[in-house]
Amino acid sequence: MSLRNDLLQAKTEEDVKDAYIKAIGLKAYNKTLVDIRTKEVWFEAKGFPTPPVMMFAQLLFYVRSARKLGEQIPPFLCVIDTEKAAIMETSKALPILDEKAITWPKSGSKIDKSLAIQLAPHIETHFVVYQLDTYERDFITAVRSAITAGKIIRTPITPDNLRQVFDKWVEMIGSELTGVSPPDYALLFFADIMHDGKKAAVKDLPAKLLHDDDKPVFVLNGVMYELNSLHGYRNFWAIYHRPPEAEYRGYLLERRDSLLPLDEREFKGAYYTPLKVVDKAYDELAAVLGKNWQQRYIVWDMCCGVGNLEVKHSNYHNVFMSTIDQADIDVMRASQTCVGASIFQYDYLNDDINEFGLIDYSLTKKMPPALQTAIADAKAKTRGAKKILVLINPPYAEATSSENAASKGVDRSKTGVARSKFANAGMEGYGKASNELFTQFIARVHREIPTATVASFGKLKYVNAQAFEEFRKVWQAKYLGGFVVHSRAFDDLRGDFPIGFLIWDTSKPQPITEIVADVLDRNAIYVRDKTFINVENDLLLSTWPARPKTNKTHAIPLKGAVEPATTTADLRGTNWSDGAIGWFNCAGNDLQQAGRLTMILSSGFASGRGFFINKDNLWQVAVMFAVRRLVKPTWLNDRDQFLQPTEKLPDEFKNDCLIWSLFNGANYAASVEKLRWNGADWPLTNHFLPFTEADVGAKTAFASHFMTTYVAKLKFSTEAKAVMSEGRKLFRRYHQQKFGRTIIDEFKLGRSDVGWWQVRRALKANSANELTDFDPFDAVYETLSEKLLPQVFELGFLLD
């Protein structure tokens, strides 16, 4: 258990002392007037949060008394309470003990605020405060080093704690700099840590640290920033050691990307490519392009960041690197990254794009003449011209429409993504792909250097995603090889999905049908091969059923089983359909979305992306529902596409899927007497109840008997019957129980024909009063799942 946790449970001052003694590992100590006394450190403790200067005042009283008596005085003083601790070298405080202007009381119990006020100007700059919720480990290290080494050893800044140190720097120092934009914090942070307090350890950084007398002043882009308060600055640098060791400085500067705000990182593509992954990329390039490719190819990385994708290159005279952010260039030059390469600021999606989407280098005159010549020679296939390799890890930000409707809060899409000059003027015919930054990059490359070899990191959407069918008709290239690696190999990327490093020869346009890639785990170690297949949309599972049309009858749009819509932007599900019994939501056609967005509801879904269920398509709904939810998403199958079945579906399989769907947790069909929405009360009818009133012991009639009539005509397997049997027992148990008002209101239990979602949730919520054993049901449901799972692949719904 940590010191902080022990302190949260402390009830007395003695508990506080014992918690610190345990955490520090004190052996030789005693408790006297000084709360904890060792040869090296004296501790003053409080059982409640107390200002450090007050505690030091009491501790210094004891030091003053001991000094008069000629007793040994420790080299360090420490004050502790339930939230924080502070430590100070005793020698820093000794001069004030003889100050005649300070009035000392006759006993320690008489220490008050007035004495603390007198002492504060003399000692506040000498003690270091550690808030234990974030600095517990640093404090314990400092005290232990004071005891063993006779000095306070500051915490070094290393690659392992960079993000933690940066966050604390922003909290204690950056927040005291008025007018600084959050994206600039990283530059100011590096100016501060790459300085020993007297001179810079790394020269020519974009930001500078100067000193006005003893006050630090930061300079960035010609603007000076002063600290509102020096307290946090002094305390921070009393904890940490600067500058970092020389061996770490270059790496730390390369990691500026990890310190940018998340939105900016996604827009600019500021995700550091780990060197172990870069190594694999260069191995793959050598295998595909030949051992001497670095001599034969000119390389252009037009979103190079701080250049770590090029650090493995051995011939920088063939390398061109551009980035949207001038600060990246300044950092590379300061850290002497890729010396010899041509590095320049260039906004690839906006610079040199005319109103017709054509490339005109005269517009900005930023493009190096040597690169212009190389591009012209490659396009003209000039004799002796070097080939061009575009080597990039582009940004992954996306929008959902050219006007970025999603910026209203529906999802995490980025404002302005689809509004780049190239997307607006140069991507006609690319469909939804024009909303994605990484496809904007490779689309401009396709136009600008149609003979280029492209080696790009990125998501696999452009290979097999349904929404990219139009893109693949325009962008075609010969696949040369590549690998996919776990997204978690990249620091701070959210989610679990494959990032592909794929190499394409764009001079040989070929339709993308399938690719085979090596699979690397998060440690960049080879696991297996995997095939990614591009299937035409009319063969995808999402296009399999006929989708009933809506009618003019109004319906309540839902966002959950018994929750009406709250959104007003792009609201769907407000109209019914002839003969409909509910709504099947099936957004997307890959495993990434299937786990979250496959569900059955008793009315339309607020954001659409599905269709209404009726007696004719129910069997298809049941099959699609089961297929989409049976296979668990993993990082590797994230983008695998569901396909229409290649075999005739056996009746037993279809019927098994129906029962599996009826008793799945994402069957949100429910009954509600009155659901308030848009100023009116709306009923919900549950058409998915496979039992009669007598079967479950209901006290009132059900509004619908659709499902009992439907299943009466079907023949079920032993496994499906077992699920029905155990499910019936749970419905009967529900109707035997008395529920409290809280549960009734939460799950809208006003009617007897409640749905499976309501039954399951209500029984579990009531378990404190009447425990329900779900194990028998879970066991038979798992048996049915195990039976159905292999058939998903055998019948062709997914490729293994």
Side-chain angles (χ1 to χ4, degrees), residues 262-263 266-267 396-420 423-424 427 430-437 439-440 459 461 465-471 494-495 537 540-543 545-578 580 582-590 592-613 621 624-625 628 666 668-670 675-680 682 684:
L262 184 60
D263 281 354
E266 291 184 338
F267 187 81
Y396 304 150
E398 61 187 89
T400 58
S401 72
S402 60
E403 294 304 315
N404 202 9
S407 64
K408 297 175 182 178
V410 176
D411 61 27
R412 16 192 311 269
S413 303
K414 304 293 171 287
T415 302
V417 167
R419 299 194 184 110
S420 75
N424 282 338
M427 291 192 73
Y430 280 86
K432 293 181 180 179
S434 62
N435 299 330
E436 309 250 359
L437 284 180
T439 46
Q440 291 176 29
K459 296 181 180 180
K461 293 180 180 181
Q466 180 182 9
F468 279 65
E469 186 173 40
E470 290 180 68
F471 170 84
R494 296 182 294 184
N537 281 0
L540 298 176
L541 185 62
S542 58
T543 62
R547 301 193 172 209
K549 295 181 179 180
T550 58
N551 57 29
K552 295 183 180 181
T553 303
H554 294 306
I556 177 174
L558 300 174
K559 68 173 184 179
V562 293
E563 298 174 276
T566 53
T567 184
T568 55
D570 195 28
L571 181 64
R572 310 286 182 89
T574 57
N575 283 81
W576 203 243
S577 176
D578 294 347
W583 174 267
F584 176 47
N585 207 69
C586 52
N589 192 69
D590 55 39
Q592 179 201 37
Q593 301 183 77
R596 299 178 296 107
L597 298 172
T598 304
M599 49 194 167
I600 292 170
L601 301 106
S602 286
S603 189
F605 189 53
S607 64
R609 299 192 290 180
F611 56 90
F612 280 103
I613 310 167
V621 168
M624 287 183 67
F625 182 97
R628 286 171 59 95
Y668 296 153
L675 202 57
R676 193 72 179 174
W677 179 75
N678 201 26
W682 302 74
L684 286 184

Evaluation steps, side-chain contact (heavy atoms from CB on, under 4.5 Å), between Met624 and Leu541: CA-CA 8 Å; Met624 287 183 67; Leu541 185 62; 4.1 Å; yes
Might you point out which heavy atoms bring [X] and [Y] nearest each other, and give the distance in Å?
X      : Y      : answer
Leu684 : Ala670 : CB-O, 3.7 Å
Ala433 : Thr439 : O-OG1, 2.5 Å
Pro548 : Ala546 : CD-O, 3.4 Å
Ser602 : Ala669 : OG-CA, 3.3 Å
Met599 : Phe625 : CA-CE1, 3.9 Å
Ala561 : Leu601 : N-CD2, 4.5 Å

Residues two or more places apart in sequence or in another chain: which of them pass side-chain contact (heavy atoms from CB on, under 4.5 Å) with [X]?
X      : value
Glu469 : Arg472, Lys473, Glu536, Asn537
Thr553 : Asn551, Trp576
Thr550 : Asn575, Phe612
Arg547 : Ser542, Cys586, Phe611

Test side-chain hydrogen bond (donor to acceptor under 3.5 Å, both in side chains) applied to [X] - qualifying residues, sequence neighbours left out:
X      : result
Thr568 : none
Thr598 : Arg628
Arg676 : Asp681

Arg609 side chain reached by Gln593 side chain, heavy atoms, under 4.5 Å: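 Yes, their side chains come closer than 4.5 Å.
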Check against side-chain contact (heavy atoms from CB on, under 4.5 Å), Tyr430 and Gln440: CA-CA 10 Å; Tyr430 280 86; Gln440 291 176 29; over 6 Å; no
Quick one: pull up [atom1] in [X] and [atom2] in [Y] and give me the separation to the nearest 0.5 Å.
X      : Y      : atom1 : atom2 : answer
Gln592 : Lys459 : CD    : NZ    : 7.0 Å
Ile600 : Asn585 : CD1   : CG    : 10.5 Å
Thr567 : Lys559 : OG1   : NZ    : 9.0 Å
Ser420 : Met427 : OG    : CE    : 8.0 Å

Test salt bridge (Lys or Arg N to Asp or Glu O under 4.0 Å) applied to Arg596 - qualifying residues, sequence neighbours left out: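 Salt bridge (Lys or Arg N to Asp or Glu O under 4.0 Å) list for Arg596, sorted by chain: empty.
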Side chain Trp682, main chain Trp677, donor-acceptor under 3.5 Å: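 Yes, the answer is positive, given that a donor and an acceptor are paired below the 3.5 Å cut-off.
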Worked verdict on Glu436 versus Phe468 for side-chain contact (heavy atoms from CB on, under 4.5 Å): CA-CA 10 Å; Glu436 309 250 359; Phe468 279 65; 3.7 Å; yes
Residue pair Leu558, Trp583: steps toward the side-chain contact (heavy atoms from CB on, under 4.5 Å) verdict: CA-CA 10 Å; Leu558 300 174; Trp583 174 267; over 6 Å; no
